[in-house]
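Scroll down for the structure; my scribbles are underneath it.
Below, chains carry the letters A, B, ... as their sequence lines are ordered, and counting in each starts from 1.
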Amino acid sequence: MALHKTQTLYIYNSISKEKEKFSPINKGAVGMYVCGPTVYSNVHMGNCRTFLSFDLVFRYLKHLGYKVRYVRNITDAGHLENDGESDEDPIAKKAKLENIEPMEVVQKYTVDFHQTMARFNALPPSIEPTATGHIIEQIEIIEQIIKQGYAYQVNGSVYFDVTTFNKDHHYGKLSGRNLEDMISNTRALAGQSEKKNPQDFALWKKADSGHIMRWASPWSDGFPGWHLECTAMSTKYLGQQFDIHGGGMDLKFPHHECEIAQSEAIHKKSPVNYWMHANMLTLNGKKMAKSTGNNILPAELFSGENTLLSKAFSPGVAKFFMYQAQYRSILDFSDDALVASEKGYNKLMDAYKSIDDISCSEHSSIDITIWRQSCYDAMNDDFNSPILIAQLFEGVKHINTLKEAKASITKEDLQVLQNTMHGFIFEVLGLTDATSMETGNDDKLSGAIELLIELRNQARNNKDFATSDKIRDDLQQVGIQLKDGKEGTSFSLS
RNA sequence: GGCAUCAUGGCCGAGCGGCUAGGCAGAGGUCUGCAAAACCUUCUACAGCGGUUCGAAUCCGCUUGAUGCCUCCA
């Protein structure tokens, strides 16, 4: 029986601002759409946090036995909304700077994005559509919106008529705004625009002569507005109404608000049942951003090549650090926090690996079923990963107590303990064990170290501590730490 | 200016009216030839001021501070 029949999941819905019991439109299947990256530069850690937050959602839904169709787009056409002269399609701009084709830019950073996600052990989405691959669908949606009377065209461009839409709908219901306030607050800024109202947003923009990315349409040679692609692709792959729509907090307004307006304009119903917004990863207390340079790249983190970092951190540690905060909380990136997370991460992994050392008894003195459920309770409460991790450390405590034989466990319960630890650490959190020797796959090295350990033990038996300490300390110097335990000496690479 | 969110112990972070997570650091201990590692135990908090309540970190109001959005942004 699928787990989702016995576990009740609650999701915080941004639009109702409440945790709601999750119930998908189609029994046992979930449709989820997440706004993906704009591929005109390398993704930074802030971008990664959002995608890792939704990777957790994806993984947990799958773990619960749902069939999930996870759609995450690649924005490979620059979106342009305003008509100020400083605005320029970021992809076309980057293409000019690097003197290459726009699609070359797109390709380069798409590859980077995929490689980065793979290093974080994030699962690929079920469908990863591109904006440029769905121009026809976007044009069709514009035609329908015009037909419904919620859009108008001016000089080859088409704009969504927010004022008209707001007469029979509520534009701003997701972000808690209302049109009257927005109008009164922006009146002073309204310059010479071809839009009827500053709040109107572009569905189609006529391309000027220098604009590289352009497509033919009934209105002009141009390109689609930036809110349109998500409506086109989510509708195409998930239907007019689907279960979960996610994205970064910064996309709530105007992007997601506009998606709602576009969908409601043509389908007359709300497109999404559960809106989820992942919060920002900050650096120095400020949001990471590509434009301001206030960001840190995954590659810098993995290599340690950044003045903010005292050392390199593995992708698993970075992920663990992020999951120690709930996805709806702002999280500040710092070396201190990473160092602390790394130690906790190693403790968790070491304990997991030592489960095999536990011996079984006739009776269990600990209630493993209650503990197991508390892990699920954490995730069922709006994917509360920090609570889950706290529960996993309870599991660590159980493991250590059992190893010391201060508690007993049956074979069946031990299997539950191991399966639960494994399921949550590797399947749900998607952590990887980067510290183990397998990644290095270096039998020669471990053979040499084993020899040194043997020599050291001989010296110790002969009370030749000068020799034994030299072996220990010199190995430490090159980053190999010996660990003396009851069962003999082991080692780890740092 | 408008809208929204947040303020928790040395640090990072849960918490959503009573039972006061977890990690890191600190302190004590076990083990050890000495260490390290590992493990066990342990300390401390809810921005300020009012209010509601038998009882508030948790609800309400005000004050202060911070952040996000209102322009591309995960």
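Counting any heavy atom pair closer than 4.0 Å across all strands shown, G46(A) reaches a base atom. D473(A) comes within contact range of no nucleotide atom at all, as no heavy-atom separation falls under 4.0 Å. When heavy atoms are screened at a 4.0 angstrom cut-off, K252(A) is found touching no nucleic acid atom at all. Using a 4.0 Å heavy-atom distance criterion, A325(A) is classed as a sugar-phosphate-only contact. Contacts of G285(A) with the nucleic acid, taken as non-hydrogen atoms under 4.0 Å apart, involve only primed sugar atoms and P, OP1 or OP2. Within the nucleic acid shown, H255(A) has no heavy atom closer than 4.0 Å to any nucleic acid atom. Within 4.0 Å (heavy atoms only), M280(A) reaches at least one base atom of the nucleic acid. Counting any heavy atom pair closer than 4.0 Å across all strands shown, F465(A) reaches a base atom.
In terms of phosphate contacts, K286(A) brings a side-chain nitrogen or oxygen within less than 4.0 Å of OP1 or OP2 of U67(B). Regarding contacts with the backbone of C70(B), every side-chain N or O of S175(A) stays at 4.0 angstrom or more from both OP1 and OP2. The shortest distance between the side-chain N/O atoms of S329(A) and the OP1/OP2 oxygens of A14(B) is below 4.0 Å.
Across the protein-nucleic acid pair, D55(A) atom CG and A74(B) atom P stand 18 Å apart, rounded to whole Å. As a whole-Å value, the separation of Q326(A) CD from C6(B) P is 11 Å. Rounded to whole Å, atom C1' of G13(B) lies 20 Å from atom NZ of K319(A). Between the C1' atom of C31(B) and the NZ atom of K403(A) lies a distance of 13 Å, rounded to the nearest Å. Note: CG (L281(A)) to P (A74(B)) measures 13 Å, nearest angstrom. Between I358(A) atom CD1 and C39(B) atom P the separation is 13 Å, expressed in whole Å. Regarding N279(A), its CG atom lies at a distance of 12 Å from the C1' atom of C69(B), rounded to whole Å. Counting to the nearest Å, the C1' atom of C69(B) and the CG atom of L174(A) are 12 Å from each other.
With sequence neighbours left out, F120(A) forms a ring-ring contact (aromatic ring centres under 6.0 Å, His included) with F302(A). When the ring-ring contact (aromatic ring centres under 6.0 Å, His included) test is applied to F165(A), the partners found at least two apart in sequence or on another chain are Y150(A), F160(A), H169(A).
Checked against the 6.0 Å centroid criterion, the rings of H134(A) and Y237(A) qualify as a close aromatic pair. Taking the six-membered ring for Trp and the full ring otherwise, F113(A) and F51(A) have centroids separated by under 6.0 Å. When ring centroids are compared, H227(A) and H256(A) stay outside the 6.0 Å threshold.
If you take atom C1' in G15(B) and the same atom in G23(B), they sit 16 Å apart, rounded to whole Å. Taking the C1' atoms as reference points, A25(B) lies 11 Å from C12(B), given to the whole Å. Remark: the separation of the C1' atoms in A7(B) and A45(B) is 13 Å, to the nearest Å. Comparing U64(B) with A47(B), their C1' atoms are spaced 8 Å from each other, to the whole Å. The gap from the C1' atom of A27(B) to that of G10(B) amounts to 13 Å, rounded to the nearest Å. Rounded to whole Å, the C1' atom of U52(B) lies 34 Å from the corresponding atom of C69(B). Rounded to whole Å, the separation between the P atoms of A38(B) and G13(B) comes to 24 Å. Look at the C1' atom in both C59(B) and G65(B): the space between them is 22 Å, to the nearest Å.
With distances taken from any side-chain atom of L331(A) to the nucleotides U67(B), C70(B), C12(B), the minimum falls on C12(B). Set against U5(B), A74(B), U67(B), the side chain of I330(A) has U67(B) as its closest nucleotide. Comparing atom distances between the D250(A) side chain and each of G2(B), A74(B), C12(B) picks out A74(B) as nearest.
Scanning atom types as modelled, no donor and acceptor separated by under 3.5 angstrom connect the side chain of R177(A) and the base of C70(B). Contact of K287(A) with C73(B) (side chain to base): a donor-acceptor pair of N or O atoms is detected under 3.5 Å.
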Every protein N/O lying under 3.5 Å from an N/O of nucleotides 34-37 of chain B:
residue, atom, partner, partner atom, Å
C34(B), N3, R472(A), NH2, 2.3
C34(B), N4, R472(A), NH2, 2.9
A35(B), N6, D484(A), OD2, 2.3
A35(B), N1, D484(A), OD2, 3.4
A35(B), N3, R472(A), NE, 3.3
A35(B), N3, R472(A), NH1, 3.3
A35(B), N3, R472(A), NH2, 3.3
A36(B), O2', Q481(A), NE2, 2.6
A36(B), N1, D484(A), N, 3.2
A36(B), N1, D484(A), O, 3.3

Are there any protein N/O atoms within less than 3.5 Å of an N/O atom in nucleotides 21-30 of chain B, and if so, which ones and at what distance?
residue, atom, partner, partner atom, Å
A25(B), OP1, K343(A), NZ, 3.0

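With a 6.0 Å radius and a threshold of 12 heavy atoms from other residues, nucleotides or ligands, K311(A) has its NZ atom above the threshold.
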Would you check, one step at a time, whether the test side-chain contact (heavy atoms from CB on, under 4.5 Å) holds for R456(A) with I453(A)?
CA-CA 5 Å; R456(A) 172 168 169 267; I453(A) 289 173; 5.6 Å; no
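When side chains are defined from C-beta on, I355(A) counts as touching M421(A), because their heavy atoms get closer than 4.5 Å. Side-chain contact between I15(A) and Y274(A) is absent, with no heavy-atom pair separated by less than 4.5 Å.
Put simply, the residue from C35(A), S14(A), P271(A) that forms a side-chain contact (heavy atoms from CB on, under 4.5 Å) with H245(A) is C35(A).
Stem list for RNA chain B (at least 3 consecutive Watson-Crick or G-U pairs, distances under 3.5 Å): B:1-7 with B:64-70, B:10-12 with B:22-24, B:26-30 with B:38-42, B:47-51 with B:59-63.
Aromatic ring pairs are classed by plane angle as parallel below 30°, tilted from 30° to 60° and perpendicular above 60°; the pair F424(A) and Y376(A) is perpendicular. Ring-plane geometry between F321(A) and F333(A) is classed as perpendicular, the angle between the planes exceeding 60 degrees on a 0 to 90 degree scale with a lower cut at 30.
Note that CG of L331(A) is 11.5 Å distant from CE of M280(A), once rounded to the nearest 0.5 Å.
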Distance-only criterion, 3.5 Å: show the donor-acceptor pairs between side-chain atoms of residues 287-294 of chain A and protein atoms not counting sequence neighbours.
residue, atom, partner, partner atom, Å
K287(A), NZ, D250(A), OD2, 3.2
K290(A), NZ, T38(A), O, 3.3
T292(A), OG1, N294(A), N, 3.3

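Inspection of the S341(A) and Q324(A) side chains reveals an N or O donor paired with an N or O acceptor under 3.5 Å.
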